[in-house]
Amino acid sequence: MARFCPLFSSSSGNSIYIGSAKSSVLIDVGVSAKQMTIALDNFGIDIETIKGIFVTHEHSDHIKGIKVFASKYNIPVYASKGTIEAMDKLGILNGKFEVNVIEDTVELDSMKIKRFNTSHDCLESTGYTVELPDGNKAAVCTDLGIVTEEVKKAIGGCNLVLAESNHDIRMLQNGMYPYSLKRRILSDKGHLSNESCSEFLKELISKGTTRFFLGHLSKENNFPELAFQTSLSALEGLGAKLNRDFILSVAEPKCTKGITVF
């Protein structure tokens, strides 16, 4: 059975678990190795089943713990060429683990992990889809300013999607951030707003996605309830009903809800 858990999801650190009882992958390790080990143990996830760490981009909240965690448990790391170059300059890759460029698709222990390009202010940011041996497919798509046609094509038809719902536009515009940071977040290489996310979810549900997680929420410019209600209203506007036609959850900064089986 396919399993999914947003272990950490916020601007302070991100790491997503996708897999089965026998094999799994992590998308990012943006918290300390100690925090990762404790979180995995709390949910009964055997670290030996983790076949790879797939990195979305080089920002600290996505790579903070990779060097120590991957070295300690000898887990190979995969990322785009640009992300690997950026991590190398940061000194992240001089640990005791294998490093691999993923250009398109990697097969690990009957799992198919496919990368797609996202629009973010870094060298070569990436989203991932993971197809499990039972045929179920999950996607992680955060840290992007716009939803491109490539993103839509890559994710369409996934059973489960973690999508970015970073900020409420009005909260951001009226908040305390400096103007330059507001412009960055609102740009095509920034982060998705609640409104943009909700429009994206409408397209996804029309293509068969039934399980949605909202991730990477801003502490300063969003509320979990607001993100949830924005996407819920959009999906209900299509005539879909919560817990009948779709499941909608907000990924916590540190997960307490456990593993989702899909």
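Worth knowing before you read on, the calculation uses all heavy atoms, side chains too, and leaves out hydrogens, waters and symmetry mates.
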Exercise. In terms of side-chain heavy atoms, does H57 have a donor or acceptor partner in E124 at a distance below 3.5 Å?
Worked result: no
Exercise. If we ignore angles and hydrogens, is there a donor and acceptor under 3.5 Å between the side chains of N221 and H167?
Worked result: no
Exercise. To the nearest 0.5 Å, what is the distance between CD1 (I169) and OG1 (T230)?
Worked result: 10.0 Å
For this session: Would you please test F69 and L26 for side-chain contact (heavy atoms from CB on, under 4.5 Å) and show each step?
Result: CA-CA 11 Å; F69 186 78; L26 295 174; 3.8 Å; yes
Problem set entry | Whether N14 side chain and S10 backbone form a donor-acceptor pair below 3.5 Å | yes
Exercise. Which residue, R183, K182, E220, R184, forms the side-chain hydrogen bond (donor to acceptor under 3.5 Å, both in side chains) with Y177?
Worked result: E220
Exercise. Considering the options T142, I146, V147, which one meets the side chain to side chain contact (heavy atoms under 4.5 Å, CB included) requirement together with L192?
Worked result: V147
Exercise. Is a side-chain N or O of E98 found less than 3.5 angstrom from the main chain of P76, in a donor-acceptor match?
Worked result: no
Exercise. Can you list the steps and then say if V25 with I53 is a side-chain contact (heavy atoms from CB on, under 4.5 Å)?
Worked result: CA-CA 6 Å; V25 296; I53 298 168; over 6 Å; no
Problem set entry | Candidate pair L214 and S249, rule side-chain contact (heavy atoms from CB on, under 4.5 Å), full reasoning | CA-CA 6 Å; L214 307 179; S249 301; over 6 Å; no
For this session: Could you check if a side-chain atom of M111 sits within less than 4.5 angstrom of a side-chain atom of P133, using non-hydrogen atoms only?
Result: yes
Exercise. Which distance, rounded to the nearest 0.5 Å, do you find between the OG of S9 and the CG of D28?
Worked result: 10.0 Å
For this session: Examine the side chains of E252 and T256 and answer whether a donor and an acceptor come within less than 3.5 Å of each other.
Result: yes
Problem set entry | Beyond-backbone contact of L204 with K207, side-chain heavy atoms, under 4.5 angstrom | no
Exercise. Is the distance between the ring centroids of H62 and H120 under 6.0 Å?
Worked result: no
Problem set entry | Heavy-atom neighbours of K152 NZ exceed 12 at 6.0 Å | yes
Problem set entry | Working for side-chain contact (heavy atoms from CB on, under 4.5 Å), residues V130 and K137 | CA-CA 6 Å; V130 181; K137 192 174 178 182; over 6 Å; no
Exercise. In terms of side-chain heavy atoms, does K22 have a donor or acceptor partner in S110 at a distance below 3.5 Å?
Worked result: no
Exercise. Taking C-beta and beyond as the side chain, do R3 and Y17 meet within less than 4.5 Å on heavy atoms?
Worked result: yes
Exercise. Which atom names give the shortest non-hydrogen contact between L201 and A163, and what distance separates them?
Worked result: CD1-CB, 4.0 Å
Problem set entry | Residue among T83, T56, N117, T118 satisfying side-chain hydrogen bond (donor to acceptor under 3.5 Å, both in side chains) with S125 | T118
Exercise. Would you say the side-chain atoms of S11 and D61 include a donor-acceptor pair closer than 3.5 Å?
Worked result: no
Exercise. Would you say F228 has more than 12 foreign heavy atoms packed within less than 6.0 Å of its CZ?
Worked result: yes
For this session: Tell me yes or no: between the side chains of N222 and N194, is some donor less than 3.5 Å from an acceptor?
Result: yes
For this session: Taking the side chain as every heavy atom from C-beta outward, state whether Y78 and V106 have any pair of such atoms under 4.5 Å apart.
Result: yes
Exercise. Any side-chain donor-acceptor pair under 3.5 Å between E199 and S196?
Worked result: no
For this session: Nearest 0.5 Å please: distance from the CD1 atom of I66 over to the OG atom of S71.
Result: 10.5 Å
Exercise. For the ring pair F213 and F4, is the centre-to-centre distance below 6.0 Å?
Worked result: yes
